[in-house]
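These notes are about the structure you will find just below.
All figures in this text were calculated on a predicted structure; none of them were measured in a lab. Whatever order the structure lists them in is the order used to number ligands and atoms, beginning at 1.
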Amino acid sequence: MNSHRPKTIAVRAAHGIDTEFGSLAQPIHQTSTFAYRAVNEPGPHDYSRTSNPTRAALESCLAALEGGSFGFAFASGMAAETTLLSAFGGGDHIIFHRDLYSGTHRLLTAVLANKNILFDFVDLSDLDAIRAAVRPTTKAIWIESPTNPCMRVVDLEAIAGVAKEHGLLTMCDNTFASPYFQRPLDYGIDVVVHSTTKYLNGHSDVIGGALVLNDPEFAKRIAFLQNAMGAVAAPFDCFLVLRGIKTLPVRMEEHNSNALTIAKWLQQHAKVSEVLHPGLESHPQYDLARKQMSGYGGTFSFRVRGAQDEAFRFLGALKLFTIAQSLGGVQSLIAHPVTMTHKWLPPEMRQDMGITEELIRISVGLEDVEDLRSDLDAGLAEV
Ligand code: PLP
């Protein structure tokens with residue numbers, strides 16, 4: 001399947017599993033355990049925490065989409081992150097992008113910091129800063145691109161190059177772009193991380209996560225940790241994500257086109273001071289984004305003129321956009337990062353990342369773009 005193009009992989013990668021009845025949809029193997037064929041003779045699966053056919057179908061589909069050899073599905077994006085980062089310990093040092101999803105930041109500072117994992121937050125757009133941050137105990141670099149919510153883009157190939165100079169593993173959270181628009185492994189990144197909750201599932205009805213990688217030895221370690229820690233994706237959730245993935249390409253194209261239309265319109269709007277979207281020429285990493293991404297998806301951010309009062313007046317006047325925490329689904333969602341998604345970050349870090357009171361994050365869905373624009377226009381009239 002890896003040799004096919006993304007649209008074919010999305011529709012067909014999970015097909016061919018059901019050899020018994022030829023079922024076109026992936027069967028949901030809702031079972032905790034599997035009968036042994038005979039004494040000391042397990043079948044291909046023996047216990048659903050270790051492996052399950054529905055999960056295996058999703059895992060191979062995710063691997064094919066990312067152009068990787070091994071996929072792993074988890075109960076959430078955070079479960080995928082926790083399992084991956086559990087491969088480190090004993091004083092290992094990891095360099096994290098300074099612009100980071102707040103849940104990853106919380107996992108680091110409130111959980112893993114107590115487990116003898118050391119870390120620094122570094123601006124990964126500065127390759128010399130990365131080199132300067134490397135210590136004898138440094139083991140890995142954690143990248144997020146584009147970032148949530150400020151849509152900063154970093155050079156995946158260049159960072160993978162610096163990592164190789166120092167023998168470091170690279171991990172990239174690819175949630176925002178999805179494998180349809182960006183494949184980090186193609187640029188030399190070692191591990192791709194996903195919250196499948198977002199675009200991969202795409203219908204706001206599953207919490208899930210994933211890892212994809214190529215190295216067979218590291219895959220064995222992750223398979224061990226996945227089983228040992230047990231934060232696995234349930235069969236029904238795997239079925240739903242697989243169903244979502246079948247339309248990933250068409251959804252992503254539509255999200256992308258709707259979002260770009262809205263971003264360009266917002267850029268001209270008198271009540272908007274800045275639009276943060278990597279597909280706009282005004283974006284500082286526009287050329288880099290074009291080089292390593294084939295599209296941008298439906299999520300971006302913008303600043304209304306004013307501060308929190310204006311942001312709240314705008315949000316309160318919306319009728320079609322739903323105020324909610326997530327992104328990447330068919331319905332358009334909108335969030336105020338300071339009081340919602342990024343509330344947990346220390347204020348000085350929020351300030352440093354540009355997450356200010358007037359910042360709005362928008363997840364443009366698949367409704368008619370003119371209806372979405374009218375809704376935003378009515379909201380902005382209140383600013
Ligand atoms: N990574 C990014 C970029 C996210 O936006 C999120 C959630 O919003 C996560 C990881 C965590 O995923 P989940 O909510 O599925 O645990």
Side-chain angles (χ1 to χ4, degrees), residues 58 62 66 72-86 96-112 121 124 142-154 156 171-182 184 189 191-212 226 229-234 237-238 240-241 244-245 255 276 278 293 296-301 322-329 333-345 350 353 355 359-364:
L58 172 60
L62 290 165
E66 283 288 2
F72 299 90
F74 295 89
S76 67
M78 292 318 300
E81 295 191 16
T82 306
T83 306
L84 172 58
L85 291 170
S86 298
F96 281 82
H97 194 17
R98 93 179 215 296
D99 203 345
L100 201 60
Y101 167 59
S102 70
T104 310
H105 185 274
R106 177 174 51 200
L107 176 66
L108 287 173
T109 53
V111 183
L112 297 178
F121 297 110
L124 298 189
W142 181 286
I143 303 159
E144 190 178 313
S145 185
T147 55
N148 179 1
C150 288
M151 305 304 292
R152 293 198 182 88
V153 175
V154 291
L156 301 181
M171 308 171 274
C172 178
D173 187 334
N174 198 29
T175 298
F176 266 42
S178 91
Y180 184 67
F181 282 141
Q182 174 172 274
I189 299 297
V191 185
V192 176
V193 182
H194 275 289
S195 166
T196 55
T197 311
K198 313 293 166 11
Y199 288 106
L200 280 160
N201 178 58
H203 293 74
S204 303
D205 49 14
V206 169
I207 296 284
L211 301 176
V212 178
Q226 184 189 38
M229 297 178 67
V232 293
D237 287 353
C238 292
L240 285 175
V241 179
I245 285 174
H255 280 300
L276 312 171
M293 304 175 75
Y296 314 98
T299 307
F300 66 95
S301 297
T322 305
I323 302 173
Q325 295 273 1
S326 198
L327 59 100
L333 305 181
I334 199 154
H336 182 244
V338 166
T339 54
M340 294 171 65
T341 52
H342 290 69
K343 188 177 170 181
W344 203 87
L345 277 185
R350 271 206 305 261
M353 282 162 63
I355 304 174
L359 185 75
I360 304 286
R361 189 188 74 191
I362 174 174
S363 170
V364 180

Counting C-beta onward and ignoring hydrogens, is there a side-chain heavy-atom pair between [X] and [Y] closer than 4.5 Å?
X	Y	result
Ser76	Thr197	no
Met340	Ile323	yes
Glu81	Val193	yes

Checking a contact table here: which protein heavy atom is nearest [atom], and how many Å away?
atom	answer
atom 15 (O) of ligand 1	Thr197 OG1, 2.6 Å
atom 5 (O) of ligand 1	Asn148 ND2, 3.0 Å
atom 6 (C) of ligand 1	Lys198 NZ, 3.3 Å
atom 9 (C) of ligand 1	Tyr101 CE2, 3.4 Å
atom 10 (C) of ligand 1	Glu81 OE2, 3.4 Å

Fill in the blank from the handout: Rounded to the nearest 0.5 angstrom, the CE-CZ distance for Met151 and Arg361 is 10.0 Å

Handout entry: Ala80 to ligand 1, any heavy atom closer than 4.0 Å
Key = no

Please determine if [X] has a nitrogen or oxygen closer than 3.5 Å to a nitrogen or oxygen of ligand 1.
X	answer
Ile207	no
Asp173	yes
Met78	yes

Completion exercise
Gly208 heavy atoms within 4.0 Å reach ligand 1 at atoms 15 (O)

Practice task
Go through the steps to decide whether His255 and Thr299 satisfy the test side-chain contact (heavy atoms from CB on, under 4.5 Å), and finish with yes or no.
Solution key: CA-CA 8 Å; His255 280 300; Thr299 307; over 6 Å; no

Handout entry: Mutual orientation of the aromatic rings belonging to His342 and Tyr101 [parallel < 30°, tilted 30-60°, perpendicular > 60°]
Key = perpendicular

Completion exercise
In terms of heavy-atom contacts, Ala80 and His194 come closest through CB-O, 4.4 Å

